[in-house]
Amino acid sequence: MCGIVGYIGSGKQEKILVDMLKHLDYRGYDSAGIAVIKQNQQNSLTCKIDVTKTKGKLNSLEQLLKNSNKIPKNKFLVKDDFNTEELQKQIETINELNEADDVNSTCGIGHTRWATHGEATTQNAHPHLSNNNEWAIVHNGIIENFQELKEELINNKFTFKSKTDSEIVVNLLQLNTDQDNKLPTITPLIETCKKLKGSYALAALNKNFKNTLFLARKKSPLYVAKSKKTIVVASDPICFAGKTKEYYSLNDNEFCLCTGNKIEFYNLKNEVIEKTAEKLENLNQTKTKTSYKHFMQKEINEIPDVLKNIVKRYSTNNYLDILDKVFIKKFNKVVLIGCGTAYHAGLIGARYLQDLARIDASTSVASEFRYANPIIDNKTLVILVSQSGETADTIAVCEEANKKGCTTLALTNVEYSTLAKLAKITMPLCAGTEIAVASTKAYVAQVAVLYLIASKLSNELLNKNINFLENLQKLSDQIIIPTKQDFITLVDEISKKQTAFFIGRDYDYITCEEASLKLKEITYINSNAYPAGELKHGFLALIDESSYLFVIATKRDLLEKTLNGAYEAKARGANLIFASQFELENEVKKDFKHILQLPKVDENLAPLSSIVAFQVLAYLVCLKRKLNPDKPRNLAKSVTVE
Ligand code: M6R
C-alpha cells in the first residue's frame, strides 16, 4: 500500500508528480503529497524543499496545488480516467510549456497514502521533512522498530510533527548526514536503513543537491527508469509507460543514487552493483472507464472477454505443458495460498484439484499459513494466487516455501510483479489491468486458470479427456451480466439493510464467501456467509423477520439439502433470495422473496458464472447507498504491508 514516485528533469514538477501519482492511487487514497526542491526567493544561491500535502484523495492535492498556483488552473486537468498515451501527450505538452518558466525546480517526490501508523490526516501525510528541513522522504511499508528509534531520536533532541513511523526515517537521514560532504552520496541512506526493521520503499531528496534522488528498497516494490533527460521513480512501472522503454527493479537491500540523468546502484555494503534493465512490456493497457461510470462496472462487463483472452493465451503458449504426470507425481501435497478474494479463488482451486484430478489439496490464508509452522518441503507444490503479485503475506509465504525447497507456482495478473519474479513457475491470469479495489474479473480469471490446471492434471493423471479450453470458450458466451432492471426491488431492499446472510454448500458456499465479501467491501453492510449445514450450529440465532438470506444452489445433488437449510431460516422469519441455475417448482418458488436466475452452465464451471450476479448486486447496492464502488473506505488495491 502507499504509492511513491520521484522525478528528475525539466518541466513543471508538481504537475508531473501528480500525473504520475494518478497511476498509483490504487495503492491508497487516505492522503497525498509532493515535495519539490525550489530556489530560495530571498537568496537565489540556496534552495528549499517545498511540500504540498493534504488528507483525502489525489484530486484534493491537485485542487490545493491549483489554488496555490503551483499547477496551471485551467490547463490539463488530470482526469480520473486516462490512458497512458493520452497522459504522455499531456506531460510532453506541459513540459514544453513550462520548461522556460520553471528552471528552478529540478526534482521532486510524491506519495499517495494508505494509513498504517497515524490517522489519515494532513499532518500524517507524506512527504515528511527532517527537523533541519534539509531532507524530505516518502515511504511505502512499515518500520517495525519505529517506537524504539523514535525514542533514540527524541533523546537526541529531535521533535516529531506526525504520528507516522516514516518520520523517523527522515530524521535518521539528518542524523547520518555528514554536513561537510559537498557531493551527494548514498551513505546516509544506507546507514539509516541498517537501523530499520520491517519493510520499505523509500525515495528521498536533499535541498543541497538540486537534481538528486536517493532510493532504497526492502520488501516493498520500487522501480527506476531513465530517458535522455529525465529519471523517473515509482512503486509500479506502469508510471513509466510512454516515458521509457526499459526500467530497473530494485531488489531487497539495494539502493540507488540518481543524479542528473545518471543512475547508480549500491548494496548494503555501499559497493556499486550492476543491474540489468528490464523491458517495459505489457504496460500499454488502457486505464479508461470508456462509457462506464465506474471501473468496477467496466471490469465486471469485461469478464466474458477475460475468459476468451485466457483461452487465447493458454492455447498459444505452453504454460500448462509443465503439468505432466512426472511433474505432479513429485509432490505429496498441494497447498494453495491467497488473501481475500484470491484466497476464495484458492478454495475453489483446491476443490477442482480434488474433484477433477483426485489430488489432495488444501487452501490457506497467507497471513495464517506463514505463522502456522507449516509442514512443507521439496515434495510440496505451493500455488500462490494473487491479482497484484505484490501482496506482502503471499510474497512472504512464497519466500519461505522457496527456502524450504518447495516448488512455487504463482498465478498473477501482473506479470512483472514481485511474486511473478519470486516463484519458480508463473502463470498469467490475463485479466488486464484491474483498477477497482473490489476484485471482480481477476477473481473469475483466477478460478478459470485453476480450472485449467486441475483439468490438465486430470487428463494427465486419470487419463481423462477434458476439453478445458473449449469449455472455457463456451462459458465465455454463456455468462450473463445482469442489468439494473434485473435487480430493481432487491437492490432497494438490501440497500436499507445493515446485515445480510449467504448460505450454500460445497462450491456454492465458497461463492457465498466471495459474494458476501464483495457486498461488505463496497456497501459496508455487515454480510456473512455460512455453509448451509451450519445454520443450526449457531448462526440461526441471528435470524429474525428482518433478515435477508441469500441461498446459492448450483449443484443439482445438493439442491434439496440446501433448500432444507433455507426453510429452517424461513421458519424463523428470514426473507429468502434464491440464486440458482435450476428452475424451482411454482409451489416452492412462493417461499422465496426474490429469485435470481443464474446462467445454465456446466456445473463444474458454475463458480465462474454464478459470482457475476453478486458482483453486479454489490455494485448496484453500493450506488444506491451513494458510495464510490472503486474506492471503498479504508481499503487499497494492493496490500504491500502485512
Ligand atoms: O492482489 P491480491 O490478489 O493478492 O489481493 C488479495 C486481496 O487483497 C484482494 O483480493 C482483496 O480481498 C480484494 N479487495 C477483494 O475484492
Side-chain angles (χ1 to χ4, degrees), residues 1 3 26-29 114 220-221 235-236 238 294-297 299-300 303 306 336-349 363-370 382-398 408-420 422-423 426-450 510-511 513-524 527 529 611-612 614-619 622 627-642:
M1 1 257 311
Y26 74 88
R27 301 179 74 89
Y29 34 83
W114 184 84
S220 295
S235 302
D236 186 332
I238 188 86
H294 298 101
F295 283 108
M296 182 176 179
Q297 183 193 23
E299 287 157 10
I300 296 170
I303 287 172
V306 167
L336 292 99
I337 300 292
C339 299
T341 286
Y343 163 67
H344 295 153
L347 288 172
I348 301 265
T363 309
S364 288
V365 168
S367 57
E368 285 296 309
F369 186 80
R370 54 186 293 210
V382 181
I383 303 181
L384 304 123
V385 188
S386 174
Q387 187 284 130
S388 64
E390 298 296 347
T391 301
D393 284 309
T394 309
I395 288 172
V397 172
C398 188
T408 46
L409 162 57
L411 303 190
T412 180
N413 201 29
V414 182
E415 293 171 45
Y416 55 82
S417 62
T418 306
L419 188 67
L422 200 61
T426 297
M427 294 189 190
L429 294 174
C430 321
T433 313
E434 193 178 66
I435 308 273
V437 166
S439 188
T440 52
K441 62 175 180 172
Y443 173 72
V444 175
Q446 287 160 352
V447 176
V449 173
L450 285 162
I510 307 170
T511 303
E513 285 288 1
E514 176 56 15
S516 167
L517 174 63
K518 226 69 323 167
L519 190 65
K520 75 178 86 159
E521 189 179 15
I522 60 169
T523 69
Y524 319 145
S527 90
I611 189 61
V612 179
F614 295 96
Q615 294 172 343
V616 174
L617 180 74
Y619 171 74
C622 172
L627 299 167
N628 178 353
D630 289 340
K631 290 183 179 154
R633 70 182 180 204
N634 306 337
L635 299 178
K637 182 74 182 156
S638 182
V639 185
T640 58
V641 292
E642 290 182 32

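Just follow the structure's listing: the first ligand is 1, and inside any ligand the first atom is 1. We're numbering straight along the sequence, starting at 1.
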* Measuring from the heavy atoms of T394, does anything fall under 4.0 Å of ligand 1? -> no

* Counting heavy atoms only, which of A636, P632, S388, C339 comes nearest to atom 1 (O) of ligand 1? -> S388

* Asked: Would you say the side-chain atoms of Y524 pair up with the backbone N or O of R633, donor to acceptor, closer than 3.5 Å?
  -> yes

* Asked: Can D236 and Y416 be counted as having a side-chain donor-acceptor contact under 3.5 angstrom?
  -> yes

* Structure fact -> Numbered in order shown, the ligand 1 atoms found under 4.0 Å of a heavy atom of G340 are 12 (O)

* Asked: Could you walk me through whether E434 and K637 pass the salt bridge (Lys or Arg N to Asp or Glu O under 4.0 Å) check?
  -> CA-CA 9 Å; E434 193 178 66; K637 182 74 182 156; 2.6 Å; yes

* With a 4.0 Å heavy-atom cut-off (strictly under), which part of K637 contacts ligand 1: side chain, backbone, both or neither? -> neither

* Which option out of Q387, E434, E521 puts a heavy atom nearest to atom 3 (O) of ligand 1? -> Q387

* To do: List every atom of ligand 1 that sits less than 4.0 Å from any heavy atom of A438, numbering the atoms from 1 in the order shown and giving each element.
  => 16 (O)

* Side chain of K441, backbone of A431: donor and acceptor closer than 3.5 Å? -> yes

* Asked: Does the S364 side chain pair with the main chain of A366, one donor and one acceptor, at a distance under 3.5 Å?
  -> no

* Measure from the ring center of H294 to the ring center of Y619 and say whether it is less than 6.0 Å. => yes

* To do: Mark the output for E390 as yes if a heavy-atom distance to ligand 1 is under 4.0 Å, and as no if none is.
  => no

